[in-house]
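A short write-up of the structure that comes next.
Proteins come first, then strands; the chains are lettered A, B, ... in the order of their sequence lines, and each starts at number 1. Only a predicted model underlies this, so the values are computations on that prediction, with no experimental measurement involved.
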Number of protein chains: 2
Amino acid sequence: MGTTGRVRIYEVAAHVGVSPTTVSAAITGKRPVAEATRQRIEQAIEELGYRANANARALAYGSSGTIALLIPSLEKSLSQIELEFVASVAEAARSREYDVLVSFSGDDELALSRLIDERRADGIVLLEVFLDDFRVERLRALGFPFVAIGRTARPSGIDWVDIDFERLQWSLVSGLVALGHRRIALISGPYDLLKRRYAPQHRTHRAFKSACTKLGVQGDILYCERNAEAGLRRTAELLANDKMLTGLVVVNELALPGVYRAVAEAGLRMPEDVSVIGQCDSKWSTFLVPRLTAAQFPSIEMGRAAVEILADRLADRALARRGRLILPTIVAGESTGPARVAGSPERRTRRAQGHSTAGHARQ
Amino acid sequence: MGTTGRVRIYEVAAHVGVSPTTVSAAITGKRPVAEATRQRIEQAIEELGYRANANARALAYGSSGTIALLIPSLEKSLSQIELEFVASVAEAARSREYDVLVSFSGDDELALSRLIDERRADGIVLLEVFLDDFRVERLRALGFPFVAIGRTARPSGIDWVDIDFERLQWSLVSGLVALGHRRIALISGPYDLLKRRYAPQHRTHRAFKSACTKLGVQGDILYCERNAEAGLRRTAELLANDKMLTGLVVVNELALPGVYRAVAEAGLRMPEDVSVIGQCDSKWSTFLVPRLTAAQFPSIEMGRAAVEILADRLADRALARRGRLILPTIVAGESTGPARVAGSPERRTRRAQGHSTAGHARQ
DNA sequence: CTGTTAGCGCCTTCAA
DNA sequence: TTGAAGGCGCTAACAG
């Protein structure tokens, strides 16, 4: 089946004794075909193993049945979160009969041009959006169908899917505060990204600060490169400089392993001495729970939603622009309050006592 | 630039005052064009923002400038390793001016047909190869260009890139034995995959057994589903049933977190009581070292090699078939010999003593 | 209901 | 060195 060298629609037509047009009609269903002929055509297609050439069809249709996933690499390494998007978008696209072109682009200008001007994709799913994003502006100006995962400062005119940062940070911070934590820190991405107005970071910071203010606790922000080494080094500094700190909110997935180790190497226990909440992919969280409370990044849900919106738009240009906020699921680990009442310098003294953590003994 | 609605080669030709043929010639360079005209053409292309329609070009050329990455999902979840392939293949392909179509296929028959019969891709990179693989057979029968990441039982007639399992297992097992371990286990994937003749698993088992035999140590094999929960449960059973076990070789990346936790929850220390060597992605290994010795899975190197071979073949059909073995880099953690001389039942007694692991105290 | 004609946008003969 | 004509394989518009 389909193992044949080169079967065109002409071969099928000749085999049945009709014109190529009729075969085309039978396949696309865009015009009526007599039941008898349609059956003979279908049989011939089966026998000859015919499949329409996608390029010829794309040329005739003016569209390629392909959506592109544009992933600018912020730095060299990809987080698990970003990679999960690929899988979820690919799967969602497949169920709607779209192919997926991935573009890990360093040069967005060129990549966009390939996709749009060369007509390689009918629509685009955009990752890693900035508050001011030239890609978004350009796509909107062109009227090219796209969905942003993340959103610009004023996203009213576009389709997007994003995390509900406000509710997420409120939920995380208020959770720590309810447990008795009074001094917490946000371990974020590098300052450079913030300066470039990387949207998730901006919204996270604003939401974190806002939550801390409303709840009356001190919340500092630590900038940290997106890798484990930086996480280790920066967190070690943080813990050494601020002995009153008892709660960490980590939104830098790639740094998380380092944070984890820094806490351990400082002789502190999780969660008794320091409670850590991490926003990360579900695989990491599986690993880190029960010591960690994890906000599981909803890559799969977001990827699916993006493709759904994009496919709808490709099918019908008349839709209103859509935005969708998604709240990550929070998997509660063994978070507890600080071992001593926060405010006393007791936290670090436990270190000298050399207590055991074997077996993750609870209480 | 390139922001224009629809610029065809005709527009460029008209703008310059030559025929489309000449413009085409200037672009492809497949026939001489006067220097003066070529310059005017290039300027017009720049001004008008012209880019050749990829579908039309593909139709005329008979090839699409696209390679496909075919990723059968063995189970639901993708390991970090598999996902790294996507990134490395995409990057390598980009530098050779190929687009990458990803296909996370459940139904390979259909996916292959889309790619080959519908001419969506010029070549294929195949992941997750089995010893007998119908995809390989079919692609070979068709003479369709492809590179397998992994290899069939007798891969002489195909292009492939694979791990050097023999040398890897020898190196891992002999390393443990040199440290004094006499009883070790391989934590592998599920039995189902082995039965289906999943190639990496077969080769790993054979190499592991062979190394154990040559070195005169007992090496058992534990089958384990590819997720953290199974890793935890199965490893806990293993440790409980075999108190003499002191060394683990884990080739199941998705189970590794569970293995790690099982060791901790059994009250055993790594590496003093149990030495663990894991074959996993570099991000995991960053997290796990220093307690773990890691064989870093060379996804990036393999992805690059695959694209390189494939691109060469697409450029020139006359090449001899190529195979390439790659040996993972081994990052040595704190592996040590067993705490007591192997052979005595001492390993487990340490548990009752309730010693501390705080700060990963060395010695 | 079906066939003929024309065109999607590019490339490649073949003449000039 | 250049242009005109024809084709890649399919679909859309128009007759019949």
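- Across all strands shown, A/T21 has heavy atoms under 4.0 Å from base atoms, whether or not it also approaches the sugar-phosphate.
- The nearest heavy atom of DNA chain C to B/N53 and to B/R31 marks one nucleotide each, and the one closer to the 5' end goes with B/N53.
- One atom, CG of A/N55, and another, C1' of D/dT11, lie 15 Å apart when rounded to the nearest Å.
- Using a 3.5 Å distance cut-off with no hydrogens or angles, the side chains of A/E47 and A/Q43 do pair a donor with an acceptor.
- Closest to the side chain of A/T37, from the set C/dC11, C/dT2, D/dT11, is C/dT2.
- Rounded to an integer number of Å, the gap from CD of A/E118 to C1' of C/dG9 is 13 Å.
- At whole-Å resolution of the value, CD1 in A/I9 and P in C/dT4 are 14 Å apart.
- Distance A/R119 CZ to C/dC8 C1': 12 Å, rounded to the nearest Å.
- Taking atom CD1 of A/I27 as the reference point, atom P of D/dT11 lies 6 Å away to the nearest angstrom.
- Remark: B/K30 is not in phosphate contact with C/dC11, judged by side-chain N or O atoms under 4.0 Å from OP1 or OP2.
- Side-chain N/O atoms of A/R57 include one lying less than 4.0 angstrom from OP1 or OP2 on D/dT11.
- Considering only heavy atoms from C-beta on, B/N53 stays 4.5 Å or farther from B/R8 through its side chain.
- A/Y10 comes within contact range of at least one nucleobase, with a heavy-atom separation under 4.0 Å.
- Using a 4.0 Å cut-off, no side-chain N or O of B/S19 falls inside it from OP1 or OP2 of D/dT2.
- Using the six-membered ring where Trp is involved, B/F85 and B/F297 have ring planes that are perpendicular, over 60° apart on the 30 and 60° scheme.
- Residue contacts shown for B/L59 include a base, since a base heavy atom lies under 4.0 Å away.
- Nucleotide C/dG9 holds its C1' atom 10 Å from the CD atom of B/E11, rounded to whole Å.
- Protein atom CZ of B/R120 is 14 Å distant from nucleotide atom C1' of D/dG9, rounded to whole Å.
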Give the intermediate values and the outcome of salt bridge (charged side-chain N to carboxylate O under 4.0 Å, His left out) for residues A/R304 and A/E301.
-> CA-CA 5 Å; A/R304 280 206 194 117; A/E301 197 179 342; over 6 Å; no

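- As rounded to whole Å, 10 Å separates atom P of C/dG9 from atom OH of B/Y50.
- The side chain of B/A60 approaches C/dC11 more closely than any other nucleotide in the set C/dC11, C/dC8, C/dT2.
- Side-chain contact between A/T37 and A/V16 is absent, with no heavy-atom pair separated by less than 4.5 Å.
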